[in-house]
Amino acid sequence: MPELPEVETVRDGLARHVLDRTVLDVEVFRDYSVRRQEGGPEALAAELVGRRFAAVARRGKFLWLPLAGVTSADSPARALMAHLGMSGQLLLNRPGRADGGLRARGPHVRVRLLLGPEDDLLVLDFVDQRTFGHLSTVVLVPTADGHPGGWGTGDALVPAPAAHIARDPLDPAFDEDAVVDQVRRRHTGIKRALLDQTLVSGVGNIYADEALWRARVHYARATDTMRPAQVREVLRCATAVMSESLVVGGTSFDALYVDVNGSSGYFSRSLQAYGRAGEPCPRCGTPIRRVAFMNRSSYFCPKCQRLR
DNA sequence: TTCCGCACCTGCCGGC
DNA sequence: TGCCGGCAGGTGCGGA
C-alpha cells in the first residue's frame with residue numbers, strides 16, 4: 001500500500017524521467033479516476049496538452065507536478081496532482097513495449113499521458129486496481145509557514161486540496177516540537193493520531209504499526225496521557241522505519257505497489273509486526289495479535305505493547 | 001471544535 | 001463450479 005516511502009520512491013522516479021517533458025496527449029479510460037477534476041476528463045486533457053512539467057513534488061502521500069508557464073494574479077500556478085490511494089501506480093513505458101506500450105493496455109490503466117518530445121516519446125500510465133486514487137489539475141496556493149511546499153520543490157506552494165495536509169517527518173520543515181504538542185492535546189488513541197494526516201502526514205497503517213511496535217506503545221494509548229518524550233519516541237520510530245523503507249524502495253506485498261519502472265520494494269521482508277498475526281514477536285517471542293481497528297487491522301505484541 | 005464511523009471501490013480468497 | 005461474504009485501507013464527509 002503506498003505510504004510515504006512508496007510515494008517518495010515514485011516521486012524520485014518521475015523526477016528522473018518526466019521533468020521538462022511536454023504532454024502531447026491525455027486519455028482517460030475511467031472517469032472515476034479523475035472524479036476530482038473540475039470539468040471532468042475533457043478539462044483534464046484540455047489543461048495538460050501542450051504543457052510542460054517543471055518539477056515533481058510531494059507532501060505526505062500527495063504528489064504534484066507543477067506546470068511550467070507564466071503565472072499572475074489572474075492566472076495562478078497550477079499542477080497535475082495525484083494521489084495513489086490504496087493501489088495506485090504511476091508507470092513509465094516506452095511506446096511499443098510489449099508489456100505496456102501504446103498498443104497494449106493493462107486492465108487497470110485508468111489514465112494515460114503521452115509525453116514528448118516526438119523523437120523520444122514516453123508513456124505515463126496511472127494504474128489503479130481499487131480506484132481509490134485520483135488525478136486532477138489543481139491550483140497551487142502559498143504554504144502557511146512560508147517554507148517550500150514539500151519534497152522536490154523549492155517553491156513555497158502546495159496544491160489547494162492538500163493544503164490541510166501536515167508535513168511528514170522526513171520533511172526538512174517538519175516541526176517535531178509542535179507536532180508533539182498537538183498530539184498531546186488530542187483526546188484520542190496514538191494510532192489514530194498517527195494516521196491523522198492533518199497532524200503528521202505520510203504514516204499509513206503499516207508504518208503506524210511498525211513504529212508503535214518499535215516504540216513499545218499500545219495502539220490505543222491515550223495521547224493526552226503520554227509524556228512528551230514518549231510521543232517524540234513514537235515519531236522518531238516512525239521516521240526511522242520510513243527512512244529504512246525508503247532505502248530499499250518501500251514495502252511491497254504483491255504487484256499492487258511498484259515504482260515507476262514496475263519494480264517492487266523489499267521492506268516487507270523487514271516488517272516486525274504488521275501482517276504477522278500468530279508469529280512470535282521478534283523481541284519477546286509472544287505471538288503477535290491482530291485486532292480490528294478503524295475498519296482495518298492493527299498488529300501488536302500484547303506483551304511488549306501493553307495498554308497501561 | 002473535536003472525534004469517530006462509514007462509504008467509496010475492486011480483486012482475491014476461503015467457505016459453502 | 002459458482003456464488004457469496006470477508007478482507008485489504010486512504011480519504012473525506014456527516015453525525016454525535
Side-chain angles (χ1 to χ4, degrees), chain A residues 1-8 10-11 28-38 58-64 81-90 106-111 126-136 138 158-166 168 179 181-212 219-226 238 242 245 250-258 264 268 271 273-278 289-300:
Chain A
M1 319 309 167
E3 298 185 30
L4 187 151
E6 292 74 33
V7 179
E8 173 55 25
V10 172
R11 190 206 65 78
V28 176
F29 304 109
R30 180 69 177 256
D31 289 0
Y32 188 75
S33 292
V34 297
R35 59 193 177 279
R36 296 180 192 280
Q37 174 67 45
E38 218 171 297
R58 175 191 62 75
R59 174 179 286 203
K61 302 166 196 169
F62 283 83
L63 278 169
W64 71 93
M81 189 183 79
H83 195 291
L84 302 180
M86 283 272 300
S87 54
Q89 305 167 13
L90 285 165
H108 304 124
V109 175
R110 310 304 188 188
V111 182
F126 178 62
V127 181
D128 191 11
Q129 181 194 87
R130 296 177 192 169
T131 66
F132 275 42
H134 51 86
L135 286 185
S136 64
V138 294
V158 67
H164 66 293
I165 298 297
D168 64 67
V179 174
D181 189 48
Q182 287 177 326
V183 168
R184 294 182 66 241
R185 275 188 284 152
R186 288 286 180 94
H187 304 286
T188 188
I190 184 64
K191 185 171 176 181
R192 281 187 188 277
L194 283 179
L195 295 178
D196 185 343
Q197 304 294 301
T198 66
L199 274 178
V200 53
S201 68
V203 184
N205 200 43
I206 297 171
Y207 295 117
D209 278 358
E210 288 300 303
L212 291 169
Y219 67 90
R221 175 69 188 273
T223 52
D224 50 356
T225 67
M226 295 177 73
M242 290 194 293
S245 177
T251 302
S252 175
F253 297 106
D254 48 39
L256 276 186
Y257 169 68
V258 292
S264 296
S268 60
L271 295 177
Y274 185 87
R276 298 193 179 280
R289 281 183 61 190
R290 173 194 169 276
V291 295
F293 177 74
M294 290 178 71
N295 289 330
R296 43 182 70 92
S297 295
S298 263
Y299 296 87
F300 69 105

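Given the structure is predicted, the values throughout are model-derived calculations rather than measurements. No hydrogens, no waters, no symmetry mates; every other heavy atom, side chains included, goes into these values.
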Answer yes or no: is there a side-chain heavy-atom contact under 4.5 Å between [X] and [Y]?
X: A/Val7; Y: A/Phe62; answer: no
X: A/Val34; Y: A/Ser136; answer: no
X: A/Phe300; Y: A/Leu212; answer: no
X: A/His108; Y: A/Arg110; answer: yes

Does [X] make a side-chain N or O approach to OP1 or OP2 of [N] shorter than 4.0 Å?
X: A/Tyr32; N: B/dC9; value: yes
X: A/His83; N: C/dG10; value: no
X: A/Ser297; N: C/dC7; value: no
X: A/Arg110; N: B/dC9; value: no
X: A/Arg186; N: B/dT2; value: no

- Listed by chain and number, what are the side-chain contact (heavy atoms from CB on, under 4.5 Å) partners of A/Arg290, not counting sequence neighbours?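 Testing A/Arg290 for side-chain contact (heavy atoms from CB on, under 4.5 Å), a comparison that skips the adjacent residues, returns A/Ala277, A/Ser297, A/Tyr299.
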- Pairing partner (Watson-Crick or G-U wobble, both distances under 3.5 angstrom) of C/dT1: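 Partner of C/dT1: none found under 3.5 Å.
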Write down the distance between [atom1] ([X]) and [atom2] ([N]), rounded to a whole number of angstrom.
X: A/Met294; N: C/dG12; atom1: CE; atom2: C1'; answer: 12 Å
X: A/Ile206; N: C/dG10; atom1: CD1; atom2: P; answer: 7 Å
X: A/Arg296; N: C/dG6; atom1: CZ; atom2: C1'; answer: 16 Å
X: A/Asp31; N: B/dC9; atom1: CG; atom2: P; answer: 13 Å
X: A/Met86; N: C/dG12; atom1: CE; atom2: C1'; answer: 16 Å
X: A/Arg35; N: B/dC9; atom1: CZ; atom2: P; answer: 8 Å
X: A/Leu84; N: B/dC8; atom1: CG; atom2: C1'; answer: 17 Å
X: A/Gln129; N: C/dC7; atom1: CD; atom2: P; answer: 18 Å

- Query: Does A/Arg185 or A/Asn295 map to a spot on DNA chain B nearer the 5' end, using the closest nucleotide for each?
  - Reply: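 Final value for this comparison: A/Arg185.
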- Compare the minimum distances between each of C/dA8, B/dC3, C/dG12 and the side chain of A/His164, then state the nucleotide with the smallest one.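 Of all the options, the side chain of A/His164 is nearest to C/dG12.
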- Task: Between C/dG10, C/dA8, C/dT11, spot the one nearest the side chain of A/Phe62, thanks.
- Result: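 Looking only at side-chain atoms, A/Phe62 lies closest to C/dT11.
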- Task: With heavy atoms under 4.0 Å as the rule, sort A/Arg36 into base, sugar-phosphate or nothing.
- Result: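 Here A/Arg36 touches the backbone only, sparing every base.
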- Using a heavy-atom distance cut-off of less than 4.0 Å, which residues of residues 187-198 of chain A contact DNA chain B?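 The stretch gives A/His187, A/Thr188, A/Arg192 as the residues lying under 4.0 Å from the strand, ordered by number.
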- If you measure from CZ on A/Arg186 to CG on A/Asp196, what distance do you get to the nearest 0.5 Å?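 A/Arg186 CZ to A/Asp196 CG: 4.5 Å, rounded to 0.5 Å.
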- Query: Between NE2 of A/His134 and OH of A/Tyr32, what distance do you get to the nearest 0.5 Å?
  - Reply: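 Interatomic distance, A/His134 NE2 to A/Tyr32 OH, rounded to 0.5 Å: 9.5 Å.
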Please tabulate the protein-to-nucleotide N/O contacts below 3.5 Å involving nucleotides 14-16 of chain C, giving atom names and distances.
none

- Query: With A/Asp168, which of A/Arg59, A/Arg58, A/Lys61 fulfils salt bridge (charged side-chain N to carboxylate O under 4.0 Å, His left out)?
  - Reply: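 When salt bridge (charged side-chain N to carboxylate O under 4.0 Å, His left out) is applied between A/Asp168 and each of A/Arg59, A/Arg58, A/Lys61, only A/Arg58 qualifies.
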- Message: When you measure from the side chain of A/Glu3 to the backbone of A/Gly204, do you find a donor-acceptor pair of N or O atoms at a distance under 3.5 Å?
- Response: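 The answer is yes, because a donor-acceptor pair under 3.5 Å joins these two groups.
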- Task: Look at atom CZ of A/Arg296 and say whether more than 12 heavy atoms of other residues, nucleotides or ligands are closer to it than 6.0 Å.
- Result: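 Enclosed.
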